[in-house]
Amino acid sequence: MSADVVDEAVPPVTVIECPTRLDFSYTPGVAQSRFLRALERGEITGQRCPKCKKVYVPPRGACSMCGVATEEELVLSGKGTITTFCTTQIPSPGLVPPYVTAWIRLDGSDITSMFLIQECDPAEVRLGMRVEAVWVEEADRKADLGNISYFRPIDEPDAEYETYKDYV
Ligand SMILES: [Zn+2]
């Protein structure tokens, strides 16, 4: 049989397993180093632009819109609002489907961040849902975002659409 002939009796290949790995080194700047050290203490920090007042989390040391340094640092509460989410139905290492990943606008931040949503039925996740960070045990914390295991719902009314509509 030549390569361009399709054998109808043989089922098509629909899935292959292909483990991949990518090692890389990341060198954080001053602003991100401070952010990572705060995570080690169990705090989420951001920096506010002195001109447009947007709060960046993680801080980048400068406002990309205004081109000025962001030096004012804030500690956020660790609570936020789901602005977008995705329910995944296929397995992923360490995760049993269905599981939810969501873009969360942390209270006081003007940027969304993506985290897992756990401790609830995926069917209950919705835009505007209020959530909070769940941290790894203090003894296991390092200077990285892995200190936040996931976010979980909190007993608060959903956020009004107007408060997050620009982040959907
Ligand atoms: Zn700005």
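Predicted, not measured: the structure shown is a model, and the values here were computed from it. First listed ligand is number 1; within each ligand, the first listed atom is number 1.
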ask   = Heavy-atom count around Arg141 CZ within 6.0 Å, excluding the residue itself: above 12?
value =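 Atom CZ in Arg141 is packed in, count exceeds 12.
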query = So, Tyr150 and Glu119: side-chain donor and acceptor under 3.5 Å apart, yes or no?
reply =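 Note: Tyr150 and Glu119 side chains meet the donor-acceptor criterion.
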request  = Give a yes-or-no answer on whether the side chains of Arg60 and Thr70 include a donor-acceptor pair shorter than 3.5 Å.
outcome  =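 Their side chains do not contain a donor-acceptor pair, so the 3.5 Å distance test is not met.
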key: Interatomic spacing from CE in Met129 to CZ in Phe151 - rounded to 0.5 Å   =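 The CZ atom of Phe151 is 13.5 Å from CE of Met129, to the nearest 0.5 Å.
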inquiry  = Given a threshold of 2.8 Å, state how many protein N/O/S atoms are nearer than that to the Zn ion (ligand 1).
reply    =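 Step by step: take the Zn ion (ligand 1), keep protein N, O, S below 2.8 Å, and you get 4.
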message = With a 4.0 Å cut-off on N to O distance, would you call Asp166 and Arg105 a salt bridge?
response =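 Between Arg105 and Asp166 there is no salt bridge, as every charged N stays at least 4.0 Å from the carboxylate O atoms.
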request  = Report yes or no: does Asn147 contribute a side-chain atom to a donor-acceptor pair with the main-chain N or O of Lys142 at less than 3.5 Å?
outcome  =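 Yes, Asn147 side chain to Lys142 backbone: donor-acceptor pair under 3.5 Å.
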